[in-house]
Amino acid sequence: MKNLEIAKIFNEMADFIEMKEISFKSRAYRRVSRFLNSLEQDIEDVYYKGGVKELKKFPGIGEAIAGNIEEFIRTNKIKAYQRLKKECPVDLGELKKIEGLGARKIKILYEKLKIKNLKNLEKAAKAGKIGELDGFGEKSEKNILQSIEIAKSDKGRFLLGRILPIVRKIINEFKELPEVNKISIAGSVRRMKETVGDVDILIVSSKSEKIMDYFVQMKGVIKVWAKGKTKSSVRFRTGFDCDLRVVKKDSFGAALQYFTGSKEHNIMTRRIAIKNKLKLNEYGVYNKDKQIAGKNEKEVYKSIGLQYIEPELRTNTGEIEASLRQAQGELNQLPKLIKYNDIKGETHCHSDWSDGSATIENLAKIAKEIGYEYLVITDHASPLGIIHGLNEERILKQIEEIDRVNQKVSGITILKGVEVDIKADGSLFIEDKVLSQLDFVLGAIHSGFKMDKKTATERLIKAMKNPHIDAIAHPSGRVIQKREGYQLDFPEILKVAKKTKTALEINAHEKRLDLRDIHIRQAVEVGVKMTIGTDVHNVNYFKMMELGIAQARRGWAERKDILNSSSLDNFLKYFKK
DNA sequence: GCCGTTTTCGGCCCGACTGTTTTCAGTCG
């Protein structure tokens, strides 16, 4: 898969072009770079299928860029890129991490001081050479040095699950202020993206200066990047940046729409506004100079001819077109997304019988408190010693224990399940005879992550064809920022899943979120059902359900697509083979 | 460089903040 490699090169080409001129040419490259980053198909496959002509069917890809892609696929390099890089051989990735350094300034630094990377930059700044340059000054030099220190400890993007509680704490702190009339999370946190680069917060207040003063001195702030009347930006010690914007109440909806993004989504909505002879900015929708919408998001969308679009969908991957069609009267173009309180039971839960830490009884009580109708105990059945996997004998014993707990704890039903290892050849670690006594069987791959695509696909397909398998846990095996997971022929997996009525799990664990959003969307399209499970290992895991639901929503899933949003009866009925 | 129910040429989302500058370019989101 060369998508990401090409995307990276195009992004750098955009920077190099920007060094020479503020041009739309660089934007064209940047746009395709982003497009490739989110493209689910393998661009190489597309090329081999239909050549340059096929490539040019994608938005933003024309003659020149298609040629570049072709060149890379065939020769593994792009001459135009190499020429640009030769002119200014700098480590863009490193230098662009420094706040305030963009393409133009990086070029000046290279030309005047031969600065190529962070090391050169630090040396020059410490020697006081940067402040002497035209366009730079004492302050720039100081900021660069501070920024280098911060970049050294940079942790990259944060898991949504880690950042959410922190953001909610910040929000609650602001809510205490009398000057705050209204407050909302915005940006990628509001869109519930699985990883988050920085945090955006929007406040309605008529006393913006006071809010800003409070913001930049909040506990944990280690650097103020910018502080203005309506907009400020800081870095927290935890390692993330936080942007705060304050607007008047008449602009709240427009500001929220603008500040939530995504960038691509915003560009599209603004273009649509222009087509309608309107202007959309963060203060409202304007007809000439008259504000015609802005108080809330719904009216903002409506005023430019769109149906309201949920934040999780705002990625410019078809939601705007769907919204447009729906606004024009076609039904059900946008999904009626599953809601955050639609889940009726947990379907992936480990107890102290394997590698979980809580007893079945305790887990049952917690699940009941949450309001679940049912809880499936799915301890590992695996040869791996470290997780104390169950064998046939212990599964039968556990069935008795669950019967006992069901007697004792009322108001919730504990279902008998297992997470059984799928062996390298696709067969299961537990005999069918024992599996047949369980309510719900999850199949999972826990070893051999380096399989090739064909092997991995065949392995899963064989498991899905076992009549006792009800669902596949964390189907791709990826761990965010750690492990890619095995490659799968996903369309093929979906075909078999549909035929065998095997559900695919959306594992809600903050580090997994597997299925990915694009796969969920494909599953929804072909009608393959899913479950959302948090992979409980202790009682704190239950709350990650929110992340799994967010993932499902970003994959356009409705309630009907998610099996454990059904009542106990319907859930069980689905799996009656 | 890309693209077209206003166009095959002339547009391309829009505005805040900073620093270095005396009116604005660069950066950021």
Side-chain angles (χ1 to χ4, degrees), chain A residues 10 13-35 55-69 80 95-109 130-144 147 186-189 191 196-202 208 212 216 224-234 241-247 251 254-255 257-286 304 316 320:
Chain A
F10 283 170
M13 286 178 81
D15 286 325
F16 286 130
I17 293 162
E18 218 176 304
M19 287 176 181
K20 302 180 175 218
E21 53 196 311
I22 294 278
S23 77
F24 292 99
K25 190 167 157 181
S26 82
R27 253 192 240 177
Y29 277 94
R30 192 96 59 200
R31 185 172 166 218
V32 176
S33 170
R34 275 201 225 99
F35 171 74
L55 295 175
K56 281 170 71 178
K57 285 186 187 162
F58 288 123
I61 298 184
E63 197 64 41
I65 291 184
N68 284 339
I69 295 173
L95 292 174
K96 284 202 78 181
K97 274 192 198 148
I98 302 305
E99 181 80 15
L101 286 193
R104 317 271 296 182
K105 289 196 167 161
I106 289 172
K107 189 186 188 202
I108 296 171
L109 290 171
I130 289 177
E132 297 165 359
L133 294 178
D134 274 355
F136 292 82
E138 219 177 298
K139 271 199 168 169
S140 315
E141 189 167 272
K142 216 177 110 207
N143 276 332
I144 284 172
S147 209
S188 53
V189 180
R191 301 200 314 275
V196 171
D198 59 10
V199 170
D200 302 294
I201 296 173
L202 177 68
S208 65
M212 290 306 167
V216 298
V224 179
W225 299 116
K227 183 186 177 216
K229 267 192 212 156
T230 66
K231 185 181 166 185
S232 295
S233 176
V234 305
D241 288 338
C242 183
D243 293 345
L244 176 69
R245 188 93 192 231
V246 178
V247 295
S251 294
Q257 197 278 331
Y258 149 76
F259 214 23
T260 298
S262 70
K263 196 182 170 109
E264 289 76 12
H265 177 91
N266 285 354
I267 290 174
M268 276 301 279
T269 49
R270 286 177 181 197
R271 272 199 201 145
I272 288 173
I274 293 171
K275 265 192 193 157
N276 292 321
K277 306 238 185 277
L278 300 168
K279 185 169 82 166
L280 168 61
N281 60 26
E282 59 260 56
Y283 301 109
V285 180
Y286 293 87
I304 58 170
N316 189 28
I320 292 175

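Residue numbering restarts at 1 for every chain, and letters A, B, ... go by the order of the sequence lines. Because only heavy atoms are used, hydrogens play no part in the values below, and waters and symmetry mates are left out as well, while side chains stay in.
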When all nucleic acid strands are considered with a 4.0 Å heavy-atom cut-off, which category describes [X]: base, sugar-phosphate, or nothing?
X	answer
A:R31	nothing
A:L133	nothing
A:N143	sugar-phosphate
A:Y286	nothing
A:N281	sugar-phosphate
A:K105	sugar-phosphate
A:A103	sugar-phosphate
A:F259	nothing

Ignoring hydrogens and angles, tell me if any N or O in the side chain of [X] forms a donor-acceptor pair with the backbone of [Y] under 3.5 Å.
X	Y	value
A:S208	A:K229	yes
A:S232	A:M212	no
A:S262	A:H265	yes
A:T260	A:Q257	no
A:E141	A:I130	yes
A:D198	A:C242	no

Between [N] and [X], is there an OP1 or OP2 to side-chain N/O distance shorter than 4.0 Å?
X	N	answer
A:R104	B:dG26	yes
A:K275	B:dG4	no
A:K231	B:dC17	no
A:R27	B:dC12	no
A:S233	B:dC17	no
A:S140	B:dT20	yes

Spacing of the [atom1] atoms in [M] and [N] (rounded, Å):
N	M	atom1	answer
B:dG26	B:dT22	P	14 Å
B:dC17	B:dT23	C1'	16 Å
B:dC12	B:dT18	C1'	26 Å
B:dA16	B:dG10	C1'	28 Å
B:dC13	B:dC28	C1'	14 Å
B:dT6	B:dG1	P	27 Å
B:dT5	B:dT20	C1'	47 Å
B:dG15	B:dT21	P	27 Å

What is the distance, rounded to the nearest whole Å, between atom [atom1] of [X] and atom [atom2] of [N]?
X	N	atom1	atom2	answer
A:D243	B:dC28	CG	P	12 Å
A:I130	B:dT20	CD1	P	12 Å
A:L101	B:dG19	CG	P	13 Å
A:L95	B:dG26	CG	C1'	16 Å
A:E264	B:dC14	CD	P	16 Å
A:K57	B:dC3	NZ	P	14 Å
A:K56	B:dC2	NZ	C1'	11 Å
A:K139	B:dG26	NZ	C1'	16 Å

Selection from [options] that lies nearest to any side-chain heavy atom of [X]:
X	options	value
A:I267	B:dC13, B:dC28, B:dC17	B:dC13
A:I274	B:dG15, B:dC14, B:dT18	B:dC14
A:R270	B:dG29, B:dC13, B:dT18	B:dC13
A:F24	B:dG19, B:dC2, B:dC12	B:dC12
A:K25	B:dT18, B:dG1, B:dG15	B:dG1
A:T230	B:dG29, B:dG19, B:dA16	B:dA16
A:D198	B:dG19, B:dG29, B:dC13	B:dG29
A:A64	B:dG29, B:dT18, B:dC2	B:dC2

Of A:F136 and A:I65, the one whose closest nucleotide on DNA chain B sits nearer the 5' end is A:I65
If you assign each of A:G102 and A:M212 to its closest nucleotide in DNA chain B, which residue comes earlier from the 5' end?
A:M212
Under a 3.5 Å limit for both distances, which nucleotide forms a Watson-Crick or G-U wobble pair with B:dT8, could you say?
none
Salt bridge A:E18-A:R30, side-chain N to carboxylate O under 4.0 Å:
yes
May I ask you to say whether A:R245 pairs ionically with A:D200, meaning some side-chain N is under 4.0 Å from a carboxylate O?
no
Donor-acceptor pair between A:Y286 and A:N281 side chains, under 3.5 angstrom:
no
